[in-house]
Amino acid sequence: MSHSCNTADGTLKPSARTLDQVSLTGATPTHCPYCALQCGMHVAAATGDSPAIVTAREFPTNRGRLCQKGWTAGELLASPERLTTPLARRSRQLPLEPVTWDEALDRVAEGLQHVRRTHGDDAVAVFGGGGLTNEKAYALGKFARVVLGTSNIDYNGRFCMSSAAAALNRAFGVDRGLPFPLTDLREADTVLVVGGNPAETMPPLVQHLSAQRDKGGALIVVDPRLTATARQASLHLQPTPGTDLALALGLLHLVIARGHVDTAYVDGRTSGFDAVRPSVASYWPQRVERITGVPVGQLEEVVRLLTTAERAVIVTARGPEQQSKGTDTVTAFLNLALALGLPGRPGSGFGCLTGQGNGQGGREHGQKADQLPGYRRIDDPAARAHVADVWGVDPDTLPGPGRSAYELLDSLGESTGPKALLVFGSNPAVSAPSAGRVDDRLAALDLLVVSDVVLSETACRADVVLPAAQWAEEDGTITNLEGRVLRRRRALTPPPGVRTDLETLAALSDRLSDDAHITGDPRATFDELRRASAGGIADYAGISWERIDAEDGVFWPCPSDDHPGTPRMFTDAFATPDGRARFVPVEHRPVAEDVDEDFPTYLTTGRVLAHYQSGAQTRRVRALVDAEPEMFIEIHPDLAAHVGLGDGDRARVVSRRGSTEGTARLTRAIRADTVFMPFHWSGRQRANNVTNAALDPVSKMPEFKVCAVRVEPAG
Ligand code: SF4
């Protein structure tokens, strides 16, 4: 791009020319449409090919930097593939054709009513996305519970953060990804990143890690791959996929054995340590080395770096979380952090790097199967009464907990499952595990409705497609990985024929209900959300759009107008009934599907710098496609030689669930027993053709990070 140049850490900085253009045309301060870092940017209307010029702006998380995805975010606004009219088909055999909004909405409303009359309210399901604004997530939850009366609502964010959320709730009584500002990382003497690769997924974050190391700090990275982040680490641990839990237990074993437990902190601020101490007794270093492949010397070095640090931070990401034991794995690292006395101590702490743009806010306001706004539990009578009062309905009419994301997808069209599905801002046909099974279930629906900005792979399968406004075309709020509530601002007018999701929900609500339950106005929706969240765990009552504008973001909880917000949590007490953080004993267990003779190699999946999630947006941006045009398979040269593959060959990866193809990329950065694939592509390049939908029993997170595969030439 002419307006940018590369910096050493992979982020991009603006050129003066672009800033001049922006100052000439006027610019709106807002945030990136993609990941949870929610970098601050300006968007200005422009002429020519692109309808918008994007420039970085100073904001604490990105400090004037953007990654390539952020810089090119304006291009999708003018994509020729943009949907600008509703589409519908008369039968699955016929193509989608343009229809009017009234025809489309009538068709959806009649279809939903028919399914409800025939099969009951729970036969209609709603699937949301981790990129929806707080207002949309809130309205979607209300629409499902009040207008449709269904318990079946969940969202793609379940695939992002749910294991960390479950573990944080268990330990702290609250789930806020980072309970401290991201910039605290700069001050830590030691940072331990478990299963995260921000150098590719959130490049502007790396400047904080660089600053930390420039001050003499140590960075430890745990990852089966020598990632771009791991290359910058002082110490890289490369465990066998699926063994992070044993690694954490082994580290705590050593902390106890070497006498490094912060007993004053454990006695004064926690409960349950006596049950955890014996539970790690059998994880002596040599045994942990056998399980994980991490040498004893490295285990000792991690403990030395953590225990000699005055300030230390431990963060987890998708690596330990996207496992069938993800909740216990995060819990094991939480136990380690608590034994060291880190959470709630200035400059130290424990957190999780949320991935999806509004993964945090999306799970706080009722888009998740088991939750009501304010991070309230839907099975809590007091929570139901409070929210029902705001909604003006009888609490007894609210449904109970519904199916989790994969369970919901897996049940579509089955005898006891939903027969109609509404999808907003999500592309589960690419993002869900065991995707062949999901294809079958989507095809078995009586009615599939998708609201999106482009014809995603899920929209291609739909009976009705509704064109949605994009990030720079509507107002709303999002909550970033720090729990900081931010403003997305409307910088451009949506193209004719396009509506916001709120307007669509309001129009459907009008058709399906006698009472106007949903408004298309985002500010009114946010004000209602504030009342619905008041008194809840994620309390937004004191957060107004005006305050966000004035303070460039407000951290929840913020229960009143005069409350300053809460950048740092747990300084005095945790959010548990007794104010103490909870140790929880956990045991290592094998992965759901281990390697064997037929499928002798581990597969792990993840993201690359140029693409975001299912790629529905980024695969339509020219510069990003040029940067990473197709799926690839990272494979160690020894394994490649063994299976007869050379660098650049077409390779096939086969599991018990299906196969996928990509270009073999030979590298010694990956373990010889493991291959890596990004999951941004579809069709024959869909990584989720082979992944395993084994679910964590607590969080219902699928095991994206490890399954057994066979690698072979594609012929
Ligand atoms: S994708 Fe994430 S890291 Fe990149 S510019 Fe957007 S918010 Fe920042």
Exercise: do Glu321 and Thr316 side chains pair donor with acceptor under 3.5 Å: yes
Whether Phe574 and Tyr265 hold their rings parallel, tilted or perpendicular, with breakpoints at 30° and 60°: perpendicular
Test side chain to side chain donor-acceptor pair (under 3.5 Å) applied to Arg170 and Thr331, step by step: CA-CA 8 Å; Arg170 218 155 62 171; Thr331 295; 2.8 Å; yes
Verdict with reasoning, Ser163 to Ser699, per side chain to side chain donor-acceptor pair (under 3.5 Å): CA-CA 5 Å; Ser163 291; Ser699 69; 2.9 Å; yes
Atom of Pro678, atom of Val608 and distance for their closest heavy-atom approach: CB-CG1, 3.8 Å
Minimum-distance pair of heavy atoms, taken over all atoms of Cys160 and Arg318: O-NE, 2.7 Å
Short side-chain donor-acceptor distance under 3.5 Å, Asn134 and Thr479: yes
Validation row: Gln360, Leu481 side chains within 4.5 angstrom (heavy atoms): no
Exercise: do Tyr540 and Glu364 side chains pair donor with acceptor under 3.5 Å: yes
Note, Leu249 side chain near His588 side chain (heavy atom, < 4.5 Å): yes
Salt bridge present between Asp184 and Arg568 (N-O < 4.0 angstrom): yes
Ring-face cation contact, Phe273 with Arg277, 6.0 Å cut, 45° max: no
Full working for side chain to side chain donor-acceptor pair (under 3.5 Å) between Arg671 and Thr240: CA-CA 8 Å; Arg671 294 171 55 97; Thr240 305; 3.0 Å; yes
For Arg489, the option from Thr28, Asp549, Thr30 that meets side-chain hydrogen bond (donor to acceptor under 3.5 Å, both in side chains): Asp549
Inter-residue atom distance Gln232.CD - Leu219.CG, 0.5 Å rounding: 7.5 Å
Side-chain touch Thr61/Gln38, heavy atoms, less than 4.5 angstrom: no
Partner of Asp552 under salt bridge (charged side-chain N to carboxylate O under 4.0 Å, His left out), chosen from Arg57, Arg487, Arg484: Arg57
Side-chain heavy atoms of Ile633 within contact of Phe676, under 4.5 Å: no
Nearest heavy atoms of Gly196 and Ala317, plus distance in Å: CA-CB, 3.5 Å
Ring-ring centroid check Trp681 His611, cutoff 6.0 Å: yes
Cationic N near anionic O, under 4.0 Å, Lys69 to Glu200: no
Minimum heavy-atom distance Tyr612-Arg607, with the two atoms named: CD1-NH2, 3.7 Å
4.5 Å side-chain heavy-atom contact, Leu340 and Asp262: no
Phe333 ring center within less than 6.0 Å of Phe350 ring center: no
Side-chain heavy atoms of Met161 within contact of Met701, under 4.5 Å: no
Side chains of Met677 and Glu634 in contact at under 4.5 Å (non-hydrogen atoms): no
Intermediate values then yes/no, salt bridge (Lys or Arg N to Asp or Glu O under 4.0 Å), Glu58 and Arg63: CA-CA 5 Å; Glu58 282 298 319; Arg63 295 198 173 183; 5.8 Å; no
Electrostatic pair Asp175:Arg363 at N-O distance under 4.0 angstrom: yes
Atom CG of Asp572 with >12 non-hydrogen neighbours under 6.0 angstrom: no
Shortest non-hydrogen contact from Leu299 toward Leu251: O-CD2, 3.8 Å
Salt-bridge present (Asp223, Arg225; N to O < 4.0 Å): no
Distance-only polar pair, side chains of Asp328 and Gln323, donor-acceptor under 3.5 Å: no
Closest non-hydrogen atom pair between Val313 and Val315, with its separation: CG1-CG1, 3.9 Å
Side-chain donor-acceptor contact under 3.5 Å, Ser614 with Ser431: no
